Chemist: 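Handing you this structure, nothing more for now.
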Amino acid sequence: MKQSFYERIYALVHEIPKGKIATYGQLALLAGSPRASRIVGAAMAKAPAGRNLPCHRVIYTDGRLLPGGAFGGMEIQRQLLQKEGVTFLRDGRVDVKRNLWQPGSLVSAALEGTENMFPDA
DNA sequence: CAAGTGACAATAA
DNA sequence: TTTATTGCCACTT
């Protein structure tokens, strides 16, 4: 029985370790559709309570949080991430380069050729 | 079956 | 640098 992409997304988000963050594009890539970043967002938006999804660890590729206050205020989200151990830039953005979730060997094949993902620390 | 929708991402100005 | 537009894919109606 095949699970919808949404279920796949939920599983991935649930796999995000504490103190790390992931971007919608990253989750989409892991889900199997590198361009389905919007699907990830849609999945989060429709994410049913009970899954305890750490959706606050999912941010933009720029390291920017959700404007408007999808979590009840993005400042809340910033506090949460900071409390988890995620480092922030002075611009108020998450340091994606340092805190991006890197799932073991799972990505090795997907990122084949991306030898230098972090040119600068 | 066709059109519309959206917690995004990349490119242009 | 920020703002605006386009493309994108799965899901809903």
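In this text the structure is predicted, and so the values were computed from the model without any measurement. Each chain gets a letter, A, B and so on, in the order the sequences are listed, and its residues count up from 1.
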Chemist: What dot-bracket string describes DNA chain B from 5' to 3', counting Watson-Crick and G-U wobble pairs whose defining distances are under 3.5 Å, with [ ] for crossing pairs and | for pairs to another strand?
Modeler: .|||||.||||||

Chemist: Distance check, rounded to the nearest 0.5 Å: A:R98 atom CZ versus A:I21 atom CD1?
Modeler: 12.0 Å

Chemist: Name all residues meeting the side-chain hydrogen bond (donor to acceptor under 3.5 Å, both in side chains) criterion together with A:T61; count only those two or more places apart in sequence or in a different chain, and write none if there are none.
Modeler: none

Chemist: Could you list all N or O pairs between the protein and nucleotides 11-13 of chain B that sit under 3.5 Å apart?
Modeler:
none

Chemist: Could you state the CG-P distance from A:L89 to C:dT1, rounded to the nearest angstrom?
Modeler: 12 Å

Chemist: Rounding to a whole Å, what distance do you find between A:L29:CG and B:dA10:C1'?
Modeler: 15 Å

Chemist: Who are the side-chain contact (heavy atoms from CB on, under 4.5 Å) partners of A:P17, not counting sequence neighbours?
Modeler: A:K20, A:W101

Chemist: Tell me, which of residues 48-56 of chain A have any heavy atom that sits under 4.0 Å from an atom in DNA chain C?
Modeler: none

Chemist: Got a sec, which residues hit side-chain contact (heavy atoms from CB on, under 4.5 Å) with A:P67, two or more places apart in sequence or on another chain?
Modeler: A:Y60

Chemist: Can you pull out every side chain to side chain donor-acceptor pair (under 3.5 Å) where at least one residue sits in residues 71-86 of chain A? Sequence neighbours excluded, please.
Modeler: A:R57-A:E84

Chemist: Using a 4.0 Å cut-off on protein heavy atoms (strictly under), produce a 5'-to-3' string for nucleotides 8-13 of chain C with B for base contact, S for backbone-only sugar-phosphate contact, and - for none.
Modeler: BBBSS-

Chemist: Just how far, in rounded Å, is P of C:dT1 from CG of A:D91?
Modeler: 8 Å

Chemist: Can you tell me how far CD of A:E15 sits from CG of A:L53, rounded to the nearest 0.5 angstrom?
Modeler: 11.5 Å

Chemist: Restricting to pairs with a member in residues 61-73 of chain A, which pass salt bridge (Lys or Arg N to Asp or Glu O under 4.0 Å), not counting sequence neighbours?
Modeler: none

Chemist: I'd like a table of donor-acceptor pairs (distance under 3.5 Å, sequence neighbours excluded) in which one partner is a side-chain atom from residues 27-38 of chain A, with atom names and distances.
Modeler:
none

Chemist: I'd like to check the side-chain contact (heavy atoms from CB on, under 4.5 Å) partners of A:Y6; sequence neighbours left out, ordered by chain and number.
Modeler: A:Y10, A:I39, A:A42, A:A43, A:K46

Chemist: State, to 0.1 Å, how close A:N99 and A:G19 come at their nearest heavy-atom pair, and which atoms those are.
Modeler: OD1-O, 3.9 Å

Chemist: Please examine the side chains of A:I59 and A:V96, heavy atoms only from C-beta on, and report whether any two atoms are closer than 4.5 Å.
Modeler: yes

Chemist: Keeping the roles fixed (side chain from A:S4, backbone from A:E7), state whether a donor-acceptor pair exists under 3.5 Å.
Modeler: no

Chemist: For A:L89, check side-chain contact (heavy atoms from CB on, under 4.5 Å) against everything at least two apart and list the hits.
Modeler: A:D95

